[in-house]
Structure formats: structure tokens, C-alpha cells
Amino acid sequence: MATMDVIERISDTVWELPVSYKEGMRVPARIYGTEKLIREMDEAVYDQITNVATLPGITKYALCMPDGHFGYGFPIGGVAAMDVNEGGVISPGGIGFDINCGMRLVTSNLTYGEVKPHIRELVDLLYRQVPAGVGSTGFLKMSKREFREVVEQGARWCVRNGYGWKEDLELTEESGCIEGADAAKISDKAVDRGFKQIGTLGSGNHYLEIQVAHRENIFDEELAEAFGISIPDQVVIMFHCGSRGFGHQVATDYLQIFLKVMDSKYGIKILDRELACAPFDSTEGRDYFAGMKCGINMSFANRQVILHRIREVFSKVFGRSAEDLGMHMVYDVAHNTAKLECHKVDGREKQLLVHRKGATRAFGPGMGGIPESYKTIGQPVIIGGSMETGSYLLVGTPGGAETFFSTAHGSGRTMSRTKARKTWRGEKLQREMEARGIYVRSTSWRGLAEEAGGAYKDIDEVIEASELAGISKRVVRFTPIGNVKG
DNA sequence: ATGTTC
């Protein structure tokens with residue numbers, strides 16, 4: 001493979017493609033991963049991440065996390081920080097169509113032994129109460145005008161309306177409401193698609209999972225306890241979803257606008273039209289930033305209402321209140337965003353627009369913007385594996401400075417959905433998983449087959465690469481026992 | 001990811 005001949009090994013887990021690799025690169029591209037992950041990575045990822053390295057304002061490196069795979073414009077797993085005072089751009093392809101697709105992790109004080117006899121009942125009821133699948137709608141009835149308030153207020157709106165606890169907000173990135181969301185910057189079409197979608201899971205790789213923290217999978221007892229994982233074989237709930245059709249429409253709207261003005265108005269030439277962008281400091285760029293933040297808030301609200309439903313389901317099945325069941329949030333992380341952050345580059349503080357597309361923010365100890373209770377230990381990082389293997393809770397580290405404090409977000413696909421459909425059958429997979437102790441319900445057999453564990457990279461290898469590279473540190477590995485699949 | 005090809 002041609003790229004392997006020119007890629008430079010910086011360390012066991014950091015690999016670099018120099019600016020000489022491709023004409024127009026402003027910075028080198030750095031890919032994180034063990035040698036195995038790097039060798040297995042789709043060649044298209046190298047092409048995409050070096051395209052990203054040509055974008056105006058890109059600072060230090062175009063980065064790809066160990067779970068990187070082919071995506072729209074940017075690879076999924078891509079991180080790019082644009083200097084907004086040096087003509088840096090904002091690009092929807094660097095954020096993803098599913099704006100603020102993310103993960104939420106919730107504890108319980110139940111053990112595996114207590115939950116096991118109820119797992120079918122729990123999953124079946126969750127399947128009913130948290131609608132999944134393409135085009136699904138939620139139980140909340142609101143007007144389009146009210147929905148515009150929701151996308152400006154995020155999870156705060158939910159808690160104020162009885163869908164959650166006050167503490168949930170403190171334990172959500174951006175406290176569940178990113179500042180600067182402006183509903184005047186989103187289209188009626190986006191509102192039409194989104195206003196019935198709060199409290200719904202979606203499809204694809206979105207899921208809601210019941211998991212167990214087995215004693216042997218706790219890597220740091222002190223940190224685990226600080227995050228609320230302290231009972232042997234403790235049961236937790238992890239879920240993954242985003243801004244549904246709403247975020248998709250916001251991204252689509254602005255991609256069209258950017259394609260029109262990018263070259264004609266701003267003279268920006270790009271190698272791939274999927275990298276459509278606009279200067280951050282422009283009318284179009286700022287409008288998208290404010291509209292995209294509505295997508296971020298819609299997603300926080302979505303996960304907040306889903307958490308409310310999960311608490312109701314557990315409460316009904318176990319006949320105790322959610323408070324009594326210890327159903328506290330560990331944290332909520334965003335996977336698909338661009339955020340204005342200050343980072344030190346070559347000894348100087350710079351204001352950067354950090355695009356993270358299929359990458360998790362991983363702030364280290366002492367940094368601003370993380371919950372008070374975690375201030376001295378660092379930000380929790382929630383990484384979902386495939387439904388068959390396992391997931392992780394990690395913590396941000398000082399070494400994250402190398403990646404603008406970003407790390408992996410999941411397993412990362414190795415096989416296309418089409419090929420996965422031909423390799424597995426959903427019905428058979430469900431039976432096999434049940435025999436292995438994972439009860440799964442899905443809205444579609446086809447969708448289930450697409451998400452087979454074998455279609456993904458080895459999550460343990462991805463996590464090991466992230467830890468060896470020093471950009472995050474393992475705390476707990478979780479094993480799935482029940483799953484609602486979108 | 002997505003009213004899975006406006």
C-alpha cells in the first residue's frame with residue numbers, strides 16, 4: 001500500500017503524513033493508532049485527512065483518531081482546529097450531518113444478579129417507551145414555535161418541564177445548553193422535520209444499552225468511584241443518539257449555501273466538494289455556527305428526554321423511584337461538533353474553532369468547562385463499542401494537548417453496511433447474541449445485521465491506542481446485557 | 001446519520 005511507504009512513524013501510536021504528501025497541505029496530517037489499526041485503515045481515510053490539511057486556517061495538524069473511517073468529506077474520527085483570527089473556516093463536513101450525535105452514561109445501584117431476571121421485561125419496555133427507527137416520533141406534543149425554544153434552550157427546557165433532574169444539567173457537556181444557538185438561523189423545513197422527534201433514538205448505529213461493570217474490568221478504582229461506579233457487577237445504562245432529521249436538515253441547508261458562496265464570494269478552492277466551507281468570520285459562517293448550535297441543543301434535549309423515559313421504565317420494573325435506584329448521570333458527551341476553544345499552540349494561546357467529527361472532547365484535570373465534581377480528575381469520556389463487544393468509560397489527560405484534547409468516539413466500522421448485510425442475518429444474530437447473554441430488540445433485521453460486532457474494529461485495540469498515545473485513560477470497561485437498536 | 005436518492 002502506497003501510503004504505508006511514506007507515512008512516518010512518530011511513536012508506537014502516532015503516524016504522520018508530511019505536507020509533501022499532497023499539494024496544498026498547510027499542515028501535516030497525524031493519524032493515531034497501533035500499527036495494526038494503521039495497516040487496516042481504509043486508504044480513503046489518508047486521502048480525506050490530507051484533504052482536510054489543505055483547509056484555510058487549519059492549525060498544527062489535521063488529526064484522525066484511532067477509530068477513523070471513511071466519511072462525508074472529513075473522515076469520521078477527524079479533528080481539525082481552525083484559527084478564527086487567521087481566516088479559519090467552518091465546514092459542515094467536519095461536524096457531520098448528525099450534529100451532536102453523542103453518548104450519555106447513567107448509573108444504577110442494581111447489580112447484574114438483580115437485573116438479569118428482568119432483562120427481557122426491561123428491554124421490551126424500553127423498546128416501547130423510547131421510539132427507535134427511521135422516521136420515528138416521540139411522545140412530546142409541542143408546537144413548532146415551542147420547538148424553536150427547545151433548540152435554543154437544550155436540556156434546560158426539558159428539566160424545567162419535568163423531564164429530568166437539575167443535576168443532569170451539570171453533568172452534560174455545555175451544561176446541556178450551548179450558548180449562541182439562534183433559531184432565526186434555521187429553516188422551517190428543519191423545524192418541520194424535528195418538532196416531533198424529541199425523545200427518539202433514531203437508526204443506524206444509534207442504540208440504548210444495559211451494561212455491567214464487572215469487577216475485573218475496572219482499571220482505576222478511585223476514578224471509577226468518583227464517576228459513580230463502585231458496586232461489584234454494577235448495572236449502568238449507556239445510549240447513543242443525535243439530532244435526528246433536524247440536525248441533518250440544518251447541515252444540508254448550509255452545505256448548499258456554502259457551495260454557492262465559497263468560491264464566488266470568498267475565493268476558497270477545495271479538493272473535494274464535500275469539504276464545502278465558509279470563513280468562520282463571515283455572515284454565512286456565523287449563521288451556520290448559530291444554526292448548528294440549535295442542532296447541538298436539540299440533541300442534548302433529545303438525550304435528556306430519553307433519560308427521563310429510561311428512569312420511568314426502571315422505576316416501573318423494579319417498583320422503586322429512580323432516585324432510590326441511584327439513576328444518576330455520569331456524563332453526556334458530544335461526538336459531532338465544532339466549538340470555539342482556546343488552546344496553546346507553540347506557546348501562544350489561540351482562539352480555535354475545533355471541529356470534532358466522530359471524536360470526543362477529552363479535557364484534562366483542572367481545565368475549564370468540566371463539571372465541578374470532576375474538576376480535579378478530568379472529564380469523563382464515554383466510548384461506545386459495538387453492541388456485541390463492550391464499551392468504555394475513560395478520563396481526559398494532560399497529554400490530550402497534542403490533539404486539542406480530543407480522543408476516539410467508538411469502534412469505527414471496518415466493513416460497509418452493504419457488505420455487513422450480506423454477511424449476517426438479523427434474525428440469526430439476535431438468537432446468537434441472546435445465547436451469549438445479550439438480549440437485543442431492533443426495529444429492523446437489516447439494521448441489526450449492519451451493526452454486527454464483526455463489522456467493527458476491535459474496541460479494545462482502539463482504546464489501547466488512545467491510552468498509549470496519552471490522549472485519554474481507561475477507567476471502566478462495560479459488558480452489554482440488553483440492547484435497543486435503532 | 002437521514003421522511004436511507006430534492
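Chain naming here is simple, since letters A, B, ... match the order of the sequence lines and numbering starts at 1 in each.
- Between the side chains of A:Tyr331 and A:Glu173, no donor-acceptor pair of N or O atoms lies under 3.5 Å.
- Between the CD atom of A:Glu450 and the P atom of B:dT2 there is a distance of 12 Å, given to the nearest Å.
- Atom-to-atom, OH of A:Tyr254 to C1' of B:dT2 comes out at 19 Å; the value is rounded to the nearest Å.
- Atom CG in A:Leu255 sits about 15 Å away from atom P in B:dC6, given to the nearest Å.
- In this structure, A:Glu146 CD and A:Lys141 NZ are separated by 12.5 Å, a value rounded to the nearest 0.5 Å.
- The aromatic ring centres of A:Phe195 and A:Phe147 sit 6.0 Å or more apart.
- Between A:Phe97 atom CZ and B:dC6 atom C1' there is a gap of 13 Å when expressed in whole angstrom units.
- Sorted by first and then second residue, the salt bridge (charged side-chain N to carboxylate O under 4.0 Å, His left out) pairs involving residues 174-184 of chain A (not counting sequence neighbours) are A:Glu174-A:Lys339.
- Rounded to whole Å, the distance from CG on A:Asp253 to C1' on B:dT2 is 13 Å.
- Among the atoms of the strands shown, base atoms are found under 4.0 Å from some heavy atom of A:Lys189.
- If you check every strand for non-hydrogen atoms under 4.0 Å, A:Arg446 touches nothing.
- Near-neighbour residues of DNA chain B inside residues 242-251 of chain A, defined by a heavy atom below 4.0 Å, number-ordered: A:Arg244, A:Gly245, A:His248.
- The residue A:Gln256 sits apart from the nucleic acid: no heavy atom pair falls under 4.0 Å.
- The salt bridge (charged side-chain N to carboxylate O under 4.0 Å, His left out) pairs that include a residue from residues 278-298 of chain A are A:Lys185-A:Asp287, A:Lys265-A:Glu284, A:Asp281-A:Arg286, where partners are two or more places apart or lie in different chains.
- A:Asp192 has its CG atom 18 Å from the P atom of B:dT2, to the nearest Å.
- What separates CD of A:Gln197 from P of B:dT4 is a distance of 12 Å, to the nearest Å.
- Between A:Gly133 and A:Thr252, the residue anchored nearer the 5' end of DNA chain B, judged by the nucleotide with its closest heavy atom, is A:Gly133.
- A side chain to side chain contact (heavy atoms under 4.5 Å, CB included) with A:Val484 holds for exactly one of A:Leu201, A:Thr443, A:Val440, A:Asp124; it is A:Leu201.
- Defined by atom type and a distance below 3.5 Å, a donor-acceptor pair is present between the side-chain atoms of A:Thr3 and A:Glu43.
- The side chain of A:Ser203 contributes an N or O atom lying less than 4.0 Å from OP1 or OP2 of B:dT2.
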